[in-house]
Amino acid sequence: MATQARDISTTGHRARLLAGVPVAERRLRLAGIDTPVLEGGDGSPVVLLHGPGGNGAHWVRTLPNLVTTHRPIAPDLPGQGESQLDGVALDAETVLTWLDELIAATCETPPTVVGYGLGGAIAARFAAAHPDRLGRLVLVDTLGLVPLEPAPDFGAALHGFLEQPNADTHERLWRHCARDLDGLRARMGERWDAFESYNLDRARTPAVAEALGALMAQFGGPSIPREELARISVPTSLIWGRHDLATRLEVAESASARYDWPLHVVEDCADDPPVEQPEAFLRALRAELELRPAVTGSVLVPGAAGFGEATRLWNGMIEKRPALVVQPAGTEDVVRALRFARASGIALSVRGGGHNIAGTALVDGGLTLDMSRLRRVAVDPKARTATVQPGCLLQDVDRATQAHGLATPLGFVSDVGVAGLTLGGGLGYLTRRFGWTVDNLLEVEIVTADGRVRRAAPDEHPDLFWAVRGAGANLGVVTRFTFRLHEVGPTVHGGLIAWPFERAGEILRAYRDLTESAPRELSVWLVLMHAPPAPFVPPDWHGRRVCAMSVCYSGDVARAGEVLRPVRTLGEPVFDLLRDQPYVELQSHLDGTEPKGDHYYWKTEFVERLDDGLLDAARELAADCPIPHGDIGFLHLGGALNERPGEDGAVGNRDARYAVGVKGAWLPEDPRGETFVHWVRTRGERIRRFSTGGNYINFQTADEGDERIRATYGANFDRLRAVKAKYDPDNVFASNRNVAM
């Protein structure tokens, strides 16, 4: 097997095309065929097989990036480019032997073979026959999965180019090969002229055209038998342009489903992702080369089983589509995924429960860490602590801790994610007794932007721990929370009770009197709303406006009657569900009011007191609300949180005693959605003048500006920014209510 070095940067269209590309070329004699091979880099080997009418230089837009992490090997296919057959008969056996000898000559370990178009058909046939020779297989808009039947216009353009290869027919063909030819030509600049000239030169060469016809007859035109494809045992994946007219996306989708091959779809692309969308192509390729083999958990791409659920958010208004979802099986998977995202330049987001109204759990075209597989809770009843993984929902923690008669302040809807709730501060029925959720956070394990796993606690990285307590989404991926627990339940007294809206003025002022004097064991939410069509609501009240209270009394249930006497004396409720019940049951009784997938939009504020003006504004807003599932809500929070200094944790807002919200909710198909958003946005301004100036970061919508984030953290903001700059100077963690402004 003879080799010969050659300088590729001297003359000709090929040299112009490859000028400045960090690869060298040598010639190998493979299966009797003289074969130019481009090589570069020092990493693991990746063999790149080009498509019909191409050559090894076809990968010119991906090679400079790929050589930084791998060792790409890009040969000219037999008889294509500068390859010379020298009388060798180009049958299937010869071509597969050629590839076998190429791998033997260039790869010390089994390589990943990436086959585009015709090269994909060759690679698939080889993988079926020689699985031991490959490490992985990646098929890119490949031929051979079905008989070649391009779209009619594409077929006509291809035939025209092959019959008369000239600038006009090349242009017509590439109008179908590329989704945006003008944009591609602009991006390639002078290299496009070399690309076009070399394509034309090769197409006009009779020996090259004859060899292409033989390769297409053997590999590109007919379909590979299904039983042969089913024999492919190496890890295999697909990368496809969404608008491929040569082999349509449905072909890839069918193969993905039949053989369980992950499918990456490249947007704004026709049939040549490596040329037209090299950045997106490389992200998909690197996911298969680097990410999937590295993580123990799952790597999901659009269309894969589980991808839809992993990217479905509670707020159906938010529609984002990440390119990748990683479901870590442990902290090391988080580290590997984070490092992959940084190395690839891909945006990163973290999904706990997916319940954030702003949809920060997802980022378009990025990598989402879906923590849903990490749902273990370990309770130490003697130490009164709970160690919680980041995929846990409130119900997971409540059930585990209540088995020991213990709890920590965690929200009031059971399918909310613990991680997102906590990292934004956290509030719930127990906040009056025990403060913000982060006031009960003892330590965290966190993966920071540099890929290090750190313990953050008062005695270790205290600045990081301070910032995590209220702005944690900005600082890293928390992989373990440890909470302080308190004796609560397991039986509490509470539930729902409601009165006619016509009594709103009376009920609102009674609520103020009650909450101003209530013991800390009593938390009462007040909601001005439309009564739901629930079994516990009298039928003639379905859809009518009511004043409802959601009650949780976590003290001695024997005293519940005395404590709730002010509520009972209001008399004549529309319905009354107050009773002794398990705390875990009470923690889920509002679940039905916020079904997953509906559209949600609201504006909220923290307030220090319930002024007459605020109560009157709330009543008027509720009376005027055009949204069938809209409401005006009050959460009573005052108590333990107010006793700590304002700088105790980034969460701040130690002057807040109530949260007040103007809230909208509607079905996705309701055509009035924009009108509802406008109503909430404009009417929400009526409660802002009563605000402390602060607000709850977890209640902020995606359209709220930087000034709202500053207001959230108030006097703590500058200190928080300094911690952010120390631990995440490049703002890797940007999919959040971001403080790096």
Side-chain angles (χ1 to χ4, degrees), residues 412 427-433 492-531 537 541 544-555 559-579 586 589-590 593 602 604-625 630-639 641-642 655-663 684 686-687 689-692 696 699:
F412 47 93
L427 57 83
Y429 289 123
L430 300 182
T431 291
R432 296 200 62 229
R433 293 183 66 181
V492 297
H493 188 90
L496 298 172
I497 186 170
W499 298 267
F501 182 76
E502 289 73 15
R503 298 177 61 189
E506 171 196 0
I507 301 299
L508 283 162
R509 282 159 177 78
Y511 176 73
R512 177 175 60 189
D513 293 342
L514 170 67
T515 54
E516 286 180 348
S517 60
R520 291 190 180 178
E521 294 84 0
L522 177 63
S523 293
V524 182
W525 301 165
L526 174 65
V527 186
L528 308 178
M529 60 184 290
H530 292 85
V537 178
W541 276 93
R544 294 173 60 182
R545 288 187 172 91
V546 295
C547 307
M549 290 184 187
S550 178
V551 175
C552 175
Y553 176 64
S554 59
R559 296 191 60 237
E562 173 190 349
V563 171
L564 291 173
R565 185 172 295 115
V567 175
R568 296 294 188 190
T569 57
L570 289 170
E572 300 182 4
V574 173
F575 57 83
D576 180 356
L577 305 178
L578 300 183
R579 59 182 175 82
L586 185 136
H589 77 247
L590 293 180
T593 66
W602 59 46
T604 65
E605 301 289 340
F606 284 140
V607 300
E608 191 172 355
R609 64 185 63 85
L610 301 182
D611 294 338
D612 284 344
L614 174 58
L615 298 182
D616 291 342
R619 177 179 53 79
E620 292 164 7
L621 286 169
D624 184 48
C625 181
D631 66 64
I632 313 299
F634 295 82
L635 311 181
H636 186 204
L637 307 172
L641 73 89
N642 308 114
D655 54 352
R657 295 183 179 275
Y658 300 87
V660 185
V662 178
K663 300 167 60 185
R686 289 197 61 184
I687 66 171
R689 67 187 183 93
F690 302 101
S691 173
T692 62
Y696 185 35
F699 285 170

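All residue numbers in this chain count up from 1 along the given sequence.
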With side-chain contact (heavy atoms from CB on, under 4.5 Å) as the criterion, how do L522 and L514 come out once you've worked through the C-alpha distance, each side chain's angles and the decisive distance to 0.1 Å?
CA-CA 10 Å; L522 177 63; L514 170 67; 4.0 Å; yes

Worked check of side-chain contact (heavy atoms from CB on, under 4.5 Å) between E521 and S554:
CA-CA 5 Å; E521 294 84 0; S554 59; 4.1 Å; yes

So L615 and F634, side-chain contact (heavy atoms from CB on, under 4.5 Å) or not? Walk me through it.
CA-CA 10 Å; L615 298 182; F634 295 82; 4.2 Å; yes

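Separation of atoms CE (M529) and CD1 (I632) is listed at 12.0 Å; rounding is to 0.5 Å. The CZ atom of R503 lies 14.5 Å from the CZ atom of R619; values are rounded to the nearest 0.5 Å. Separation of atoms CZ (R520) and NE2 (H636) is listed at 9.5 Å; rounding is to 0.5 Å.
Between the D624 side chain and the L621 main chain, no donor and acceptor come within less than 3.5 Å of each other. Formation of a donor-acceptor pair under 3.5 Å by the R545 side chain with backbone atoms of A622 is found in this model. No donor-acceptor pair closer than 3.5 Å links the side chain of S691 to the backbone N or O of I687.
Residues L586 and Y429 meet the side-chain proximity criterion, which asks for heavy atoms closer than 4.5 Å. Between F501 and H530 the shortest side-chain heavy-atom distance does not fall below 4.5 Å. Residues L610 and E516 form no side-chain contact, since every pair of their non-hydrogen atoms from C-beta on lies 4.5 Å or further apart. At a threshold of 4.5 Å between non-hydrogen side-chain atoms, the residues Y553 and V524 do not count as touching. Residues Y511 and M549 are in side-chain contact: their nearest non-hydrogen atoms beyond the backbone lie under 4.5 Å apart. With contacts defined as side-chain heavy-atom distances shorter than 4.5 Å, the pair L570/E506 qualifies. Side-chain atoms of L528 and D631, non-hydrogen and from C-beta on, never get closer than 4.5 Å to each other. Taking the side chain as every heavy atom from C-beta outward, C552 and W525 never approach each other to under 4.5 Å.
The two residues L578 and V567 come nearest to each other via the heavy atoms CD1-CG1, 4.3 Å. Shortest non-hydrogen contact noted between S550 and H589 is OG-NE2, 3.0 Å. Counting all heavy atoms, side chain and backbone alike, P519 lies closest to V563 at CG-CG1, 3.9 Å. In terms of heavy-atom proximity, C547 sits nearest to I507 at CB-CG2, 3.9 Å. Contact detail for G684 and V662: the closest heavy-atom pair is CA-CG2, 4.1 Å. Shortest non-hydrogen contact noted between Y658 and T515 is OH-OG1, 2.6 Å.
Residue-environment remark: CD (E572) stays at or below the threshold of 12 foreign heavy atoms within 6.0 Å.
Salt bridge D616/R686: absent, no basic N to carboxylate O contact under 4.0 Å. For R609 and D655, the salt-bridge test fails: no basic side-chain N is under 4.0 Å from an acidic carboxylate O.
Applying the salt bridge (charged side-chain N to carboxylate O under 4.0 Å, His left out) rule to R579 yields the partners E585; only residues at least two apart in sequence or on another chain are considered.
Using a 30° and 60° split on the angle between ring planes, Y696 and F606 fall in the tilted class, from 30° to 60°.
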